[in-house]
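Computed over heavy atoms, backbone and side chain alike; hydrogens, waters and symmetry mates excluded. Here is how names work: the chains are called A, B, and so on, in the same order as the sequence lines, proteins then strands, and each is numbered from 1.
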Number of protein chains: 2
Amino acid sequence: MIKTSDEKYLRAIYQISQAEQGQKATISELAYYLDLKPPTVLERLKILQAEKLITYKKTSGIHLTKSGQKEAMNVVRKHRIWETFLHKVCKFSWSEVHELAEQLQNVNSEKLIDRLYTLSGEPQFDPHGDPIPSKTGVLPSSQRRPLLNSVEGCKCVVLGVNEDSTDFLNYLTELNIGLNERLNVEKLFSFDGSVKVKYKNSVTAVLSSKVAEKIMVTCIKANCLCKV
Amino acid sequence: MIKTSDEKYLRAIYQISQAEQGQKATISELAYYLDLKPPTVLERLKILQAEKLITYKKTSGIHLTKSGQKEAMNVVRKHRIWETFLHKVCKFSWSEVHELAEQLQNVNSEKLIDRLYTLSGEPQFDPHGDPIPSKTGVLPSSQRRPLLNSVEGCKCVVLGVNEDSTDFLNYLTELNIGLNERLNVEKLFSFDGSVKVKYKNSVTAVLSSKVAEKIMVTCIKANCLCKV
DNA sequence: TGTATTTATTAGGTGAACCTAATTTTAGTA
DNA sequence: TACTAAAATTAGGTTCACCTAATAAATACA
């Protein structure tokens, strides 16, 4: 059986490799992420390696093995289901959810996770818009589409942009819209295709169709009617 | 702030003093209860004493101070609310609940506890029939009454008996009804006052009015209509 | 290509929470 | 009251997860 304390390492390694898309994960990154010092992390990686959950070489970095991957998905699932439950059922705000889920994810009961998932309505994405892996470790594919194709009332998350001119990125920075920003589509103006969105709880902005075309998002709610 | 690991000691001390009604709690009892060895417990008691949460003298035993008592009630509250939530909302069986609640009670968020309590319908007693302390640490007084006064459908817990003849106690032992046994009142027979109860999940028994008169219970459900 | 900087590694240490074994204290009873 | 059994205490050890400081290796770039 996997130790509880392994889990945070596996999740962190997963998150980091995810974020850097195939780049190698390093000890110092991991240490920073986990708020530990490199020697502590190194020591632990040796154990994880002995348990055949990861491979590590100075040159090639840290990688999850097949079974490590499986475990990591399981931890990610637990974490995201707790977040979902806390947000949807317990009405915790977006920002409060993460820290609490961190503590709760240590509890070991698959049955509990299943019940919480049911109570939360079995969504495919957590409140941050991150996909919830199935029990078998499969991620629901997020339907990447331009913000422009939204329907009113849609809740979505920014996955990226389709243009990286400085001007465009500066514009988004100015508006404080970044990666993983969660947008609520409040109104669509059909006469010019502009989109009114609300984000960061209370900020609103009207984005021109030109901009909305280039912001790539994915819906968070199940069965959303947006065109993909 | 109280350390998480203090909490299990405080709860254990509370439980033990509770069970022995004013008898002094001893180190060896506590060690047995916590599944630790006496030296470990002693070491820890010194710390708890330094934190002014308990008083301890070899002669007078272990006692909670005022602030220790307050903390203990808080832990008990957390624990019982988790148990209630797991049972009522997550549909865990009675027996599964305790171990899980043990893990969950380490999570520190008063807000979460409040939300779970609301989700569970704010009952005064947990699924074992134990009272849930209020935030201020006040226990709801259990309405001690004879089983005889039940209404059909009542769920109650055995608090004690009003007679202690060996015959009577043997009879209860034979039926496997003990202290804290949870009884569901299935039927009342008005012609002779006997009471049909179900317990231990599936055992049923019909108790004569003479017996039902002497078994003292308290209702678990809020607003139960039983005579007190 | 050589040097500066970053990153990884080693060595050794701390405090917490446990333990065992040995000793002392307390309490119960012949 | 003296003796024995039980309970408490002391002393000293282990493991674990963390740390710091020093050294070695890798990388970046002038």
Side-chain angles (χ1 to χ4, degrees), chain A residues 1-13 15-17 19-20 22-51 53-64 68 71 75 99 102-103 105-108, chain B residues 1-13 15-17 19-20 22-64 68 71 75 102-103 105-108:
Chain A
M1 238 294 98
I2 300 297
K3 275 175 283 178
T4 296
S5 41
D6 283 353
E7 300 197 339
K8 67 177 182 186
Y9 280 83
L10 294 175
R11 197 172 82 89
I13 294 166
Q15 296 280 43
I16 291 171
S17 339
E20 346 210 295
Q23 294 300 302
K24 63 177 180 184
T26 66
I27 289 198
S28 26
E29 276 175 315
L30 196 48
Y32 179 77
Y33 188 97
L34 292 169
D35 198 18
L36 296 171
K37 303 295 168 188
T40 305
V41 170
L42 175 60
E43 183 175 294
R44 206 57 189 305
L45 288 187
K46 286 178 183 164
I47 297 170
L48 290 172
Q49 190 157 32
E51 293 174 323
L53 293 167
I54 63 161
T55 59
Y56 171 64
K57 266 198 231 128
K58 199 188 313 192
T59 44
S60 49
I62 307 161
H63 295 279
L64 294 168
E71 279 308 323
V75 185
E99 190 199 356
E102 198 75 23
Q103 294 180 58
Q105 109 197 330
N106 293 326
V107 175
N108 248 327
Chain B
M1 239 292 98
I2 298 298
K3 276 175 282 180
T4 296
S5 42
D6 282 352
E7 299 196 339
K8 67 176 181 185
Y9 279 84
L10 294 176
R11 198 173 80 88
I13 294 166
Q15 296 280 43
I16 291 171
S17 340
E20 345 209 297
Q23 293 300 303
K24 63 178 178 182
T26 66
I27 289 198
S28 25
E29 276 175 316
L30 196 48
Y32 179 77
Y33 188 96
L34 292 169
D35 198 18
L36 296 171
K37 304 295 169 187
T40 305
V41 170
L42 175 60
E43 184 174 293
R44 206 56 191 306
L45 288 186
K46 286 177 185 164
I47 297 170
L48 290 172
Q49 191 157 31
E51 293 173 323
K52 301 224 192 302
L53 293 168
I54 62 159
T55 59
Y56 171 64
K57 267 197 229 126
K58 201 187 313 195
T59 45
S60 49
I62 308 161
H63 295 279
L64 294 167
E71 279 308 323
V75 185
E102 199 75 24
Q103 294 180 58
Q105 107 197 332
N106 293 327
V107 175
N108 249 327

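- Rounded to whole Å, the distance from CG on B:Leu30 to P on C:dA17 is 15 Å.
- Judged as a side-chain hydrogen bond (donor to acceptor under 3.5 Å, both in side chains), and not counting sequence neighbours, the contacts of B:Glu29 are B:Thr26.
- Residue B:Lys57 is out of contact with every strand shown, counting any heavy-atom pair closer than 4.0 Å.
- B:Leu48 has its side chain out of reach of B:Tyr56: every pair of non-hydrogen atoms, C-beta onward, lies at least 4.5 Å apart.
- The side chain of B:Ser5 contributes no N or O atom lying less than 4.0 Å from OP1 or OP2 of C:dA16.
- If you check every strand for non-hydrogen atoms under 4.0 Å, B:Tyr32 touches nothing.
- What separates CD1 of A:Ile27 from C1' of D:dC19 is a distance of 16 Å, to the nearest Å.
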> Reading DNA chain C 5' to 3', how would its secondary structure be written in dot-bracket notation, given Watson-Crick and G-U pairs with both distances under 3.5 Å, brackets [ ] for crossing pairs and | for partners on other strands?
Replying inline: ||||||||||||||||||||||||||||||
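- Closest non-hydrogen pair, B:Ile16 versus B:Ala25, comes out as CG2-CB, 3.8 Å.
- Between B:Gln49 atom CD and D:dA8 atom P the separation is 14 Å, expressed in whole Å.
- Distances were taken from every side-chain heavy atom of A:Leu42 (C-beta onward) to each of C:dT9, D:dT10, D:dA8; the shortest belongs to C:dT9.
- Taking atom NZ on B:Lys46 and atom P on C:dA17, their separation rounds to 15 Å, with Å as the unit.
- Taking atom CD of residue A:Glu29 and atom C1' of nucleotide C:dT7, one finds them 11 Å apart after rounding to whole Å.
- The side chain of A:Ser28 places an N or O atom within less than 4.0 Å of a non-bridging phosphate oxygen (OP1 or OP2) of C:dA8.
- In this structure, A:Ile13 and A:Ser17 approach most closely via the heavy-atom pair O-OG, 2.5 Å.
- The closest side-chain heavy-atom distance from A:Lys57 to A:Lys24 is not below 4.5 Å.
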>> Generate the contact string for nucleotides 18-26 of chain C. Rules: B means base contact, S means sugar-phosphate contact only, - means no protein heavy atom under 4.0 Å.
In response: BBBB---SS
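- Taking every heavy atom of both residues into account, A:Ala12 and A:Leu30 meet most closely at CB-CD1, 3.6 Å.
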N/O donor-acceptor pairs under 3.5 Å from side chains in residues 32-45 of chain B, not counting sequence neighbours:
from	atom 1	to	atom 2	distance (Å)
B:Arg44	NH2	B:Ser5	OG	3.2
B:Arg44	NH2	B:Asp6	OD1	3.1

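- Looking at residues two or more places apart in sequence or on another chain, you find a side-chain hydrogen bond (donor to acceptor under 3.5 Å, both in side chains) between B:Asn108 and B:Lys78.
- Scored by the side-chain hydrogen bond (donor to acceptor under 3.5 Å, both in side chains) test, B:Gln103 finds no partners at all (sequence neighbours excluded).
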